[in-house]
Amino acid sequence: MAIHPTAVVEDGAKLGADVEIGPFCHIGPQVELGDGARLKSHVVLAGRTKIGARTRIFPFASIGHEPQDLKYRGEESTLRIGDDCLIREGVTMNPGTAGGRMETVVGDRCAFLANSHIGHDCIVGSDCIFSNNAMIAGHVTIGDFVICGGGSAIVQFARIGSHAFVSGMTGIPADLIPYGHAFGNRGALTGLNLIGLKRRNFSREQIHELRRAYRALFAPEGTLKERVEDVAEEFAGNREVEEILAFIREGGDKQICVPQTQADKE
């Protein structure tokens, strides 16, 4: 364990084995640091915050301070961050609230680049990447392997399905299906995240079937509910397609991002 003499570690903080705490860091009394965690310098950890093993945090990150919710009244909510995460300069992450889940949860092996923000009551899966200045509002749910480009923003209560890609400077006003790719000032669905699927070794057959299902789901004929049922029948047993259909069904009456031409009609 290595703690710089200028760092402040308050009584009650729990530090794992082999942690490193650099100059001018401040660790609150209810913070837990996992084994091998690394705080470079000027990092502030507050509240009931748990940091996973081997997670690295860079200068001026503010992690676990009270949420940016005007309804917050000091409830003892929590923030949990998984193992092997990378949290770069100026990142902010807030705990939960009584109006939500009472916790914010981040999975393993995520990368949060400079000045990205995770709002209160969010759930972020594993293996996600948030580029510089990417922001998610409160109560957002993010699946595994999601990439949010620089300057992107996701509205509160939205859901982003696993393996989705949000382009830089894109605002997401509604749910984004698993494997989807969104782009634009008010993010429209532009297709599937084909580059991501290839990088993660999805087979040609899997990608081909996903593309067929996508075209059927967002065809101009019929209602979305009707198209969902048609696709469910045609692609019964296809795990990836069934994941998309389950995502849409679980959203109930919530809006989802659709292709621009379709959005113009609806």
Side-chain angles (χ1 to χ4, degrees), residues 1-69 71-130 134-136 138-144 146:
M1 184 181 300
I3 302 176
H4 194 275
T6 61
V8 175
V9 180
E10 298 194 30
D11 292 342
K14 298 179 181 179
L15 307 183
D18 194 33
V19 301
E20 291 183 8
I21 301 176
F24 303 104
C25 293
H26 187 177
I27 312 302
Q30 295 179 296
V31 171
E32 296 183 32
L33 272 181
D35 295 346
R38 303 285 188 266
L39 312 185
K40 296 295 184 179
S41 72
H42 298 84
V43 173
V44 182
L45 305 181
R48 299 174 67 189
T49 295
K50 184 175 182 179
I51 308 292
R54 298 173 301 281
T55 286
R56 295 180 293 148
I57 309 180
F58 281 68
F60 307 109
S62 175
I63 309 297
H65 277 95
E66 64 181 64
Q68 299 176 78
D69 183 341
K71 300 183 296 298
Y72 179 72
R73 294 294 180 267
E75 54 266 29
E76 289 200 344
S77 54
T78 60
L79 167 64
R80 292 190 287 117
I81 300 171
D83 298 339
D84 299 298
C85 289
L86 171 65
I87 300 173
R88 293 303 304 249
E89 296 82 356
V91 170
T92 51
M93 296 188 184
N94 295 158
T97 67
R101 303 177 171 101
M102 280 292 287
E103 67 175 356
T104 299
V105 179
V106 173
D108 301 327
R109 298 176 302 278
C110 292
F112 301 91
L113 304 190
N115 300 306
S116 52
H117 172 69
I118 305 300
H120 59 86
D121 300 292
C122 289
I123 302 292
V124 178
S126 295
D127 300 289
C128 295
I129 299 173
F130 285 69
M135 303 170 287
I136 61 174
H139 310 278
V140 168
T141 300
I142 306 281
D144 297 336
V146 169

For [X], what residues pass the side-chain hydrogen bond (donor to acceptor under 3.5 Å, both in side chains) criterion, not counting sequence neighbours?
X	answer
Asp83	none
Asp69	Lys71
Ser41	none
Asp18	Arg38

Q.
I'd like to know if the side chain of Glu103 reaches the main chain of Arg101, judged simply by a donor and an acceptor atom lying under 3.5 Å from each other, with no hydrogens or angles considered.
A. no
Q) Between the side chain of Thr55 and the main-chain N/O of Gly82, is any donor-acceptor distance below 3.5 Å? A) yes
Excluding sequence neighbours, so at least two apart, what forms salt bridge (charged side-chain N to carboxylate O under 4.0 Å, His left out) with [X]?
X	result
Arg88	none
Asp84	Arg54
Glu76	Arg48

Q | side-chain contact (heavy atoms from CB on, under 4.5 Å) partner of Ile21, chosen from Val9, Ile57, Thr6, Val43 | A | Val9
Q) Is there any side-chain hydrogen bond (donor to acceptor under 3.5 Å, both in side chains) pair reaching into residues 118-128, and which pairs are they, with sequence neighbours excluded? A) Thr97-Asp121, Arg109-Asp127
Any residue meeting side chain to side chain contact (heavy atoms under 4.5 Å, CB included) with [X], in chain and number order, not counting sequence neighbours:
X	answer
His117	Gln68, Thr92, Asn94, Met135
Val31	Ile27, Leu45, Thr49
Ser77	Tyr72, Pro95, Met102

**Q.** Leu39 side chain near Ile51 side chain, heavy-atom distance below 4.5 Å
**A.** no
Q) Restricting to pairs with a member in residues 11-32, which pass ring-ring contact (aromatic ring centres under 6.0 Å, His included), not counting sequence neighbours? A) Phe24-His42
